[in-house]
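All remarks here apply to the structure that follows.
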Amino acid sequence: MSNWITEGLKNSPEILLFLSLSLGYLIGSIRFGKFQLGGVAGSLLVAVCFSLLGVTVDAGVKAVLFALFIYAVGFESGPQFFRSLGIKTLREIFLALFIAIVGLITVLIMAKLFHLDKGLAAGLAAGGLTQSAIMGTASDALTHLGLSTQELSKYQSNITIGYAVTYIFGSLGAIIVCVNILPKLMKRDIRDDAMQAQAEQLNGSLLLNSNQNFAISEISGRLFRLSHKTNQTVAQIERNINGISIERIKRGNKIIEVTPETKLKLRDIILVVGHRDSIIKANSLFGTEITSASGMDFIMNTQDVEMRNERYVGQTLAQILKSEEVKQFKHGVYLIAIHRDGESVPLRDNVKLQLGDVITIYGADSDLRRVIDRIGAPITKSQKTDWVFHGLGLVVGLIIGLIVIRIGDIPLTLGAGGGALLSGLLFGWYRSRHQTTGNIPSSALQLLKDFGLAGFVVVIGLSSGLEAINTIKQQGLSLFLIGIVVTLLPMILAIFFGKYILGYKNAAVFAGALAGARSANPAFGEVLNKAGNATPTNSFVITYALANVFLTLLGPLVIAFV
């Protein structure tokens, strides 16, 4: 029976993949004091244990899962990434360069102290720094040394051995440093700093979840029974009290049509909708507020609209709202929010509208349609993913990853991961400017990130874990322990460099940058989980792109200097 189960699992890697995820997230949720391993690291450890079964997983599965993860990350952060480019990104450049230089020095010192050959040293760099591309550049550099076929084969085999032994802790150690050690050394909490950074991006406004609402709403509706004569029309009242609209009138037992010329009479019941402070001012005019009245129910909706009318572009809110044309067609419609490139824009009189701004308005359907026709196109909220758009995004990214540029004998390429990241950034930026295309629900985007990353590291564990364990048995623990030094030392030194030299103050931003500078995707996933929002992403995508170049260049340098 046990043999049947073992053989079945060995020949069904898909079962082991999902079992590793399930058990890994269970183990990762367990707390040891303040330490928590996390789902990604837990899945990796479980997968390494399952690798003892000798399971084989197609390399294409790993490529697909990682492409989904990194594209989703890029798509989510595209608008913020391009807006953040500038002099402020210099510290990310220096951080990525620091990690690469210190990583190289650490590998060279370890190779010298423990008499590692060129192959083991290159594998140590590739695994300890979790940059698989080093294996390729180092192997290619070996072919130019004029070695005999036997020596070349030995060194290239040793690259694989060094990589297999050190890669597992290379991934796990980066998670521990970014999620546990960095906050302790900075004496700050990643989640708290992420919330603070998000609040600053939202210009002081609060970000609500889908099931949350403010206890006191800015726009509200009230019922009044007129207790004294007004002798005013609906238009006159709305003109005198800015920020309200009379949506329904009940006279006796009948609901009468509301027009600008309708005169209000004593004992009319009216439904007033508007800004809270404006309705409070109107209390004295209308008289008695009542809680309910039959037939006075009225449905209001909130709608996002993409600004497309160039007539209003470049004008301030004050200029637009005061124009006679707008006063005529905006009856019953209220401006709730403006978002630009995914960030909230404060509703101030001097704010100028731009093409592509997302305008959130509130009102009855008939009123909303009238306003939408004048300003742009409605953004339909859907639970469906636009796979025409995102499928193309992934294809473009993977094609970019195939491009190889050679500088001398050194091949430089973004690879599938870097290409998918770049494409995600571009397509995310485009989506922010054209909100009517490229829809993907936030829950679907989160699934791509979670499953893509965790599945990616599980495949690594299932594929490389047995080889690493067997090599450790043969070589002893020395190479594994050396790999721990190569993994931890550059990152810990980088924390002090980032804190005291580069001036990082926000632990969430710094953790994202550190994970990217080490090309540590599992660590970045755990940082995102810890942060609770996308704050670490901006710094990650910059350092990650740089690390793909800087760390890849270490392969030929290790071969040259060992």
Side-chain angles (χ1 to χ4, degrees), residues 28 34-42 44 69-70 72-74 76-77 80-81 84 88-100 102-103 129-131 169-201 421 449-450 453-454 457 487-547 551:
K34 292 186 177 181
F35 176 79
Q36 188 176 16
L37 193 60
V40 175
L44 178 60
F69 162 71
I70 206 66
V73 167
E76 183 179 48
S77 58
Q80 295 88 347
F81 172 75
S84 66
K88 292 182 179 179
T89 60
L90 283 176
R91 65 180 184 179
E92 275 73 42
I93 296 173
F94 287 128
L95 181 65
L97 191 59
F98 180 87
I99 285 280
V102 176
L129 300 175
T130 58
Q131 178 54 264
F169 186 82
S171 297
L172 181 60
I175 295 174
I176 294 171
V177 172
C178 291
V179 176
N180 300 103
I181 296 178
L182 182 145
K184 291 188 186 314
L185 293 179
M186 290 192 71
K187 297 180 180 179
R188 301 189 67 86
D189 183 79
I190 288 178
R191 183 173 289 272
D192 290 346
D193 280 4
M195 294 297 109
Q196 178 184 337
Q198 186 178 66
E200 292 172 356
Q201 290 176 353
L421 175 62
K449 291 191 298 181
D450 290 345
L453 177 63
V457 300
T487 295
L488 297 181
L489 184 60
M491 296 191 76
I492 292 174
L493 292 177
I495 293 176
F496 291 103
F497 178 72
K499 179 180 180 180
Y500 296 109
I501 305 299
L502 298 180
Y504 278 99
K505 304 295 183 185
N506 187 293
V509 173
F510 191 11
L514 187 61
R518 248 296 313 279
S519 193
N521 301 295
F524 174 58
E526 284 302 300
V527 170
L528 280 182
N529 291 337
K530 198 79 170 178
N533 60 39
T535 295
T537 305
N538 286 347
S539 56
F540 170 80
V541 294
I542 298 170
T543 54
Y544 178 83
L546 294 169
L551 294 180

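Predicted model only: the values in this text are computed from it and were never measured.
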So do Leu528 and Pro536 actually touch side chain to side chain, heavy atoms under 4.5 Å? yes
Set of side chain to side chain donor-acceptor pair (under 3.5 Å) partners for Asn533, sequence neighbours left out: Thr535
Pairing residues for Thr543 by the side chain to side chain donor-acceptor pair (under 3.5 Å) criterion, not counting sequence neighbours: none
If you measure from [atom1] on [X] to [atom2] on [Y], what distance do you get to the nearest 0.5 Å?
X: Met195; Y: Asp189; atom1: CE; atom2: CG; result: 10.0 Å
X: Ile175; Y: Asn529; atom1: CD1; atom2: CG; result: 10.0 Å
X: Leu182; Y: Lys187; atom1: CG; atom2: NZ; result: 13.5 Å
X: Leu172; Y: Thr130; atom1: CG; atom2: OG1; result: 11.5 Å
X: Ile181; Y: Met186; atom1: CD1; atom2: CE; result: 14.0 Å
X: Thr537; Y: Ile542; atom1: OG1; atom2: CD1; result: 11.0 Å

I would like to know whether Phe69 and Asp450 meet side chain to side chain contact (heavy atoms under 4.5 Å, CB included); could you show each step before the answer? CA-CA 7 Å; Phe69 162 71; Asp450 290 345; over 6 Å; no
Looking only at heavy atoms, which two atoms of Ser519 and Leu551 are closest? And how far apart? CB-CD1, 4.0 Å
Could you pull out the closest heavy-atom pair between Ala523 and Cys178, with the gap in Å? CB-SG, 4.1 Å
Tell me whether Arg188 contacts the main-chain N or O of Pro183 through its side chain, where contact means a donor paired with an acceptor under 3.5 Å. no
Can you tell me if Arg518 uses its side chain to pair, donor with acceptor, with the backbone of Gln131 under 3.5 Å? no
For residues 488-516, which side-chain N or O atoms pair as donor and acceptor with protein atoms under 3.5 Å away, sequence neighbours left out?
from, atom 1, to, atom 2, distance (Å)
Lys499, NZ, Leu185, O, 3.0
Tyr504, OH, Glu92, OE2, 2.5
Asn506, OD1, Ala508, N, 2.9
Asn506, OD1, Val509, N, 3.0
Asn506, ND2, Asp193, O, 3.0

